Amino acid sequence: MRDQDDMMRRGIGMTSQRTRERLIQRLCEEGVTNPRVLDVLRRTPRHLFVDEALAHRAYEDTALPIGHNQTISQPFMVAHMSEVLLEDGPLDKVMEIGTGSGYQTAVLAQLVERVFSVERIKVLQDRAKERLTELNLRNVVFRWGDGSEGWPALAPYNGIIVTAVAPEVPQALLDQLAPGGRMVIPVGAVGETQQLLLIVREEHGFSRRVLGAVRFVPLLNGTLS
Ligand code: SAH
């Protein structure tokens with residue numbers, strides 16, 4: 001069974017080599033320029049982050065369902081958010097809110113020193129953990145909890161990335177941003193216009209840059225086992 005699984009993975013890997021390259025080309029056309037980000041997207045097997053039944057669509061530039069009403073983020077969004085986060089230089093401590101499938105987590109783990117990833121749905125988190133172990137990405141720690149509270153015990157973070165939309169930027173996340181730290185977060189309401197923001201902690205207060213219109217699933221309260 002194990003062998004069969006491995007063959008399946010390799011098989012998908014091989015047949016998708018061209019498809020993967022096409023995705024990278026598309027990301028370039030859409031304006032992603034950071035070569036490290038592009039390289040990490042090229043190397044990260046997105047088909048392992050979705051159900052086998054959807055694996056053949058893994059290298060399309062779209063969000064896909066991962067169960068529990070959640071989606072794996074669109075590759076462009078993952079690349080774009082990572083690129084913006086890294087725009088000012090390397091980062092050592094990054095907190096991610098909304099682990100989901102773990103795809104964005106896996107990408108970040110290859111771009112920054114340490115990732116602290118918070119997810120409210122336990123089963124999604126467990127599966128994401130397994131995938132990252134399988135890919136031998138060891139610089140990630142996970143927390144099951146409500147990400148609107150962040151992860152105060154390990155704060156501050158040089159980078160914060162939020163992959164679910166809230167009506168406003170949660171104060172706890174602003175509080176946990178290190179001086180000079182950067183946060184990329186979608187803000188707005190579900191079904192309405194949402195905007196991706198870059199927030200930087202300056203010497204006095206925070207600066208905000210609107211990066212454009214986006215569509216994310218909502219940041220919800222509480223936890224779910
Ligand atoms: N980057 C993920 C996207 C997952 S969708 C991926 O590529 O797979 C957004 C995720 O945010 C979902 O898994 C959802 O359960 C999670 N989420 C929503 N509200 C949350 C909260 N308050 N705290 C932590 N995670 C939350």
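Quick caveat: nothing in here was measured; it's all calculated off a predicted structure. Just follow the structure's listing: the first ligand is 1, and inside any ligand the first atom is 1.
Distance from atom 4 (C) of ligand 1 to its nearest protein heavy atom, with residue and atom name: T71 O, 3.1 Å. Summary of contacts: the protein heavy atom closest to atom 11 (O) of ligand 1 is G98 CA, 3.2 Å. Counting protein heavy atoms only, atom 12 (C) of ligand 1 is closest to Q70 OE1, 3.2 Å. Protein heavy atom in closest approach to atom 23 (N) of ligand 1: G147 N, 2.7 Å. Of all protein heavy atoms, the one lying nearest to atom 22 (N) of ligand 1 is L220 O, 2.6 Å. Of all protein heavy atoms, the one closest to atom 7 (O) of ligand 1 is S73 N, 3.0 Å. For atom 15 (O) of ligand 1, the nearest protein heavy atom (residue, atom name, distance) is E119 OE2, 2.6 Å. The protein heavy-atom contact nearest to atom 18 (C) of ligand 1 is P218 O, 3.5 Å.
Judged purely by atom type and a 3.5 angstrom limit, D51 has no side-chain atom pairing as donor or acceptor with the backbone of A53. A donor-acceptor contact shorter than 3.5 Å links the side chain of R131 to the backbone of L48.
Contact annotation: the side chain of Y59 approaches that of H47 to within less than 4.5 Å [non-hydrogen atoms, C-beta and beyond]. Using a 4.5 Å heavy-atom threshold, the side chains of L41 and Y103 count as touching. The closest side-chain heavy-atom distance from F49 to L64 is not below 4.5 Å. Side-chain contact between L174 and M183 is present, with heavy atoms from C-beta onward closer than 4.5 Å. No side-chain heavy atom of V217 sits less than 4.5 Å from a side-chain heavy atom of N69.
Pairing each heavy atom of S148 with each of L219, the nearest pair is CB-CD2, 4.1 Å. For the pair S82 and L111, the tightest heavy-atom approach, listed with the atom from each and the gap, is CB-CD1, 3.9 Å.
The residue among T163, V165, D146 with a heavy atom at the shortest distance from atom 9 (C) of ligand 1 is T163.
Here I121 has side-chain heavy atoms under 4.0 Å from ligand 1, and that is the only part of it that gets that close. Residue R120 touches ligand 1 through backbone and side chain together, judged by heavy-atom distances below 4.0 Å. Residue contacts with ligand 1 for T99 involve N, CA, C or O but no side-chain atom from C-beta outward (heavy atoms, distance under 4.0 Å). Heavy atoms of T105 found under 4.0 angstrom from ligand 1: none, in either backbone or side chain.
Of all the atoms in ligand 1, the ones that sit under 4.0 Å from a non-hydrogen atom of L124 are 13 (O). Numbered from 1 in the order shown, with element, the atoms of ligand 1 that lie under 4.0 Å from a heavy atom of V217 read 5 (S), 9 (C). Taking a cut-off of under 4.0 Å to the non-hydrogen atoms of G145, the atoms of ligand 1 that pass are 23 (N), 24 (C). Atoms of ligand 1 found under 4.0 Å from any heavy atom of V118, numbered from 1 in the order shown, are 24 (C), 25 (N). Contact atoms of ligand 1 toward G100: 4 (C), 8 (O), 13 (O) (distance under 4.0 Å to a heavy atom of the residue). Per-residue contacts place S101 under 4.0 angstrom from the following atoms of ligand 1 (heavy atoms of the residue considered): 6 (C), 7 (O), 8 (O).
Separating the CZ atom in R57 from the CZ atom in R46 is a distance of 9.5 Å, to the nearest 0.5 Å.
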Handout entry: Derivation and outcome, salt bridge (charged side-chain N to carboxylate O under 4.0 Å, His left out), residues R42 and D39
Key = CA-CA 5 Å; R42 184 182 285 117; D39 206 44; 3.1 Å; yes
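The hydrophobic cluster containing M81 also contains L198, counting ILVMFWY residues as joined when their side-chain heavy atoms lie under 4.5 angstrom apart, directly or transitively.
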